[in-house]
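See structure below.
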Amino acid sequence: MKTQITSDLYYIGSFDRRIALFENVYPVSDGVTYNSYLLTGNEPVIFDTADGAFTNEFLRNAEEALAGKQPAYLIVSHMEPDHSASIKALAEKYPAMKIVVNARSKVFLEGFFPDLKSELVIVKEGDTLTACGHTLKFMLAPMVHWPEVMFTYDETDKTLFSADAFGTFGTKNGIDLTPDRFDEYLPEARRYYTNIVGKYGTQVLGALKKVTFEVDRVCPLHGPVLSKALFEKAAAYYTTWASYAAEKSSAVIAYASVYGNTKRAAEYLKDALSKRGVSDVVTFDVSKTHFSYILVECFLNSHIVLASITYNAGIFTNMETLISEIVRHDIANRKFSFIENGSWAAQSGKLMREALSKVKNAAFVGETVSFRSSLKAETYAALDTLADSIAEDIKNNG
């Protein structure tokens, strides 16, 4: 598909609606895009390529947009194969084309394509390239979210080519989006950030500090092109997310339950918190909701409650997965509380607390509610006490 963005900038990427899982991990009910762009003129410039499953479509899109011209440059923003797999095919089709990479991406390029014959142009922080009457400036953005990531800023048209930054899951909105549809864009942009980029908050903030220039549009590698107004909103959210600041002073409750008793404890706590004025509490069954959606709520909320049965003397499998993702993404500055259940040896609470102690600035609110098998009068009393502690902490500290 060729779509015109400006007078001389075209979208030549692909929409992938066939996959169920992005990176074979994250559910994408509406697929994902692999974005590539073409700057036309005397020395056409292509920005990134496409996933290998779409190589032929990408080549057709590029040929149509080039309209008989030969590309002078391919700029590589990110070497992950969903964006780089078609590099060799493009280079073989246009052997005179030069490939623009930085020192780190050169290593990846040679790893994926050891027999590539194209001439390389190695750029570093602050270097510029003039083509098609545009001045393109390069900025390194390591670990957003691979070590070789590079932004390109078109100083002439004030367009930022942002690699995976400001991307989103989904295909339904096409490649252009107006500011009044921000609420439609936000949920999958947030889920994309928290799961794909979320571990690298420090690096994201470092990259954002480099964007001191005017931006009229952002061209990411996944999802829609962002208008100036939409980018300003997205950048504000990125600053919050990268700082690991909660967007809501409320709680998310995730539970692991086999026969319903731990679920009842979680639901009782939700109601108890609501009665104490804590609004918008959300609950999730870790066996029914993919962890990527729960992780979003962990980023959103100030307080996280984990309720798990004791399973094979440990934490229930799906809860263990969620906890490992919280730790792996290092969702800092959160308050944790626990509920444990076990018919003969309730110890999941202790194990969950030990695991989450690894998270930066983790704090723990209230005593772990521990019960055996079914909820009893003392269990409800303990849940009420925990609700008091969480509600008071939210009131005083957020």
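Here the structure is a predicted model, which means the values were calculated and not measured.
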Q: Please determine if Lys88 forms a cation-pi arrangement with Phe113, meaning its NZ or CZ atom is less than 6.0 Å from the six-membered ring centre and no more than 45° off the ring axis.
A: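 Pair Lys88/Phe113 does not count as cation-pi.
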
Q. Think Arg353 forms a cation-pi with Phe338, using NZ or CZ under 6.0 Å from the six-ring centre and within 45 degrees of its axis?
A.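 No - Arg353 does not lie over the ring of Phe338 by the 6.0 Å and 45° rule.
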
Q: With the side chain counted from C-beta on, respond yes when Asp157 and Asp216 share a heavy-atom pair under 4.5 Å apart, and no when they do not.
A: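 Counting from C-beta outward, Asp157 and Asp216 never come under 4.5 Å.
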
Q. Given side chains that start at C-beta, do those of Ser308 and Met352 come closer than 4.5 Å, heavy atoms only?
A.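 Touching, per the 4.5 Å side-chain cut-off.
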
Are side-chain N/O atoms of [X] and [Y] paired as donor and acceptor at under 3.5 Å?
X	Y	value
Asn341	Thr262	yes
His78	Glu148	yes
His83	Asp48	no

Q: Please list, chain by chain and in numerical order, all residues satisfying side chain to side chain contact (heavy atoms under 4.5 Å, CB included) with Tyr94, sequence neighbours excluded.
A: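 Counting only residues at least two positions away or on another chain, Tyr94 forms a side chain to side chain contact (heavy atoms under 4.5 Å, CB included) with Glu63, Leu66, Gln70, Pro71, Leu90, Met97.
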
**Q.** Salt-bridge criterion met for Asp384 and Arg276 (N-O under 4.0 Å)
**A.**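 The answer is yes: the pair qualifies as a salt bridge.
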
Q. So, does Asn312 use its side chain to make a donor-acceptor pair with the main chain of Gly314 at under 3.5 Å?
A.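 Checked: no pair found.
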
Q: For Tyr238 and Ala165, work out which heavy atoms get closest and say how close.
A: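 Looking at all heavy atoms of both residues, the shortest contact is OH-C, 3.8 Å.
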
Q: State yes or no: are the ring centers of Phe299 and His329 separated by less than 6.0 Å?
A: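 Ring centroids of Phe299 and His329 are no less than 6.0 Å from each other.
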
Q.
Using the ring centroid of each side chain, check whether Tyr293 and Phe284 are separated by less than 6.0 Å.
A.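 No, ring centres 6.0 Å or more apart.
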
(Q) Using side-chain hydrogen bond (donor to acceptor under 3.5 Å, both in side chains), reason through Asp164 and His145 one step at a time and then give a plain yes or no. (A) CA-CA 7 Å; Asp164 270 358; His145 63 118; 3.0 Å; yes

Q) If you measure from CD on Gln4 to OG1 on Thr6, what distance do you get to the nearest 0.5 Å? A)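 Rounded to the nearest 0.5 Å, the CD-OG1 separation comes to 7.0 Å.
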
**Q.** Ser250 and its side-chain contact (heavy atoms from CB on, under 4.5 Å) partner, picked from Leu273, Val282, Asn301, Leu300
**A.**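 Only match with Ser250 under side-chain contact (heavy atoms from CB on, under 4.5 Å): Asn301.
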
Q.
Against His222, only a single residue in Phe169, Tyr26, Tyr193, Phe22 fulfils ring-ring contact (aromatic ring centres under 6.0 Å, His included); can you say which?
A.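 By the ring-ring contact (aromatic ring centres under 6.0 Å, His included) criterion, His222 pairs with just one of Phe169, Tyr26, Tyr193, Phe22: Phe22.
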
Q.
By the definition ring-ring contact (aromatic ring centres under 6.0 Å, His included), identify the one residue from Tyr11, Tyr37, Phe151 that meets it with Phe161.
A.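 The option that passes is Tyr37.
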
(Q) Angle between ring planes, Phe182 versus Tyr185, binned at 30° and 60°: parallel, tilted or perpendicular? (A)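 Tilted: the ring planes of Phe182 and Tyr185 meet at 30° to 60°.
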
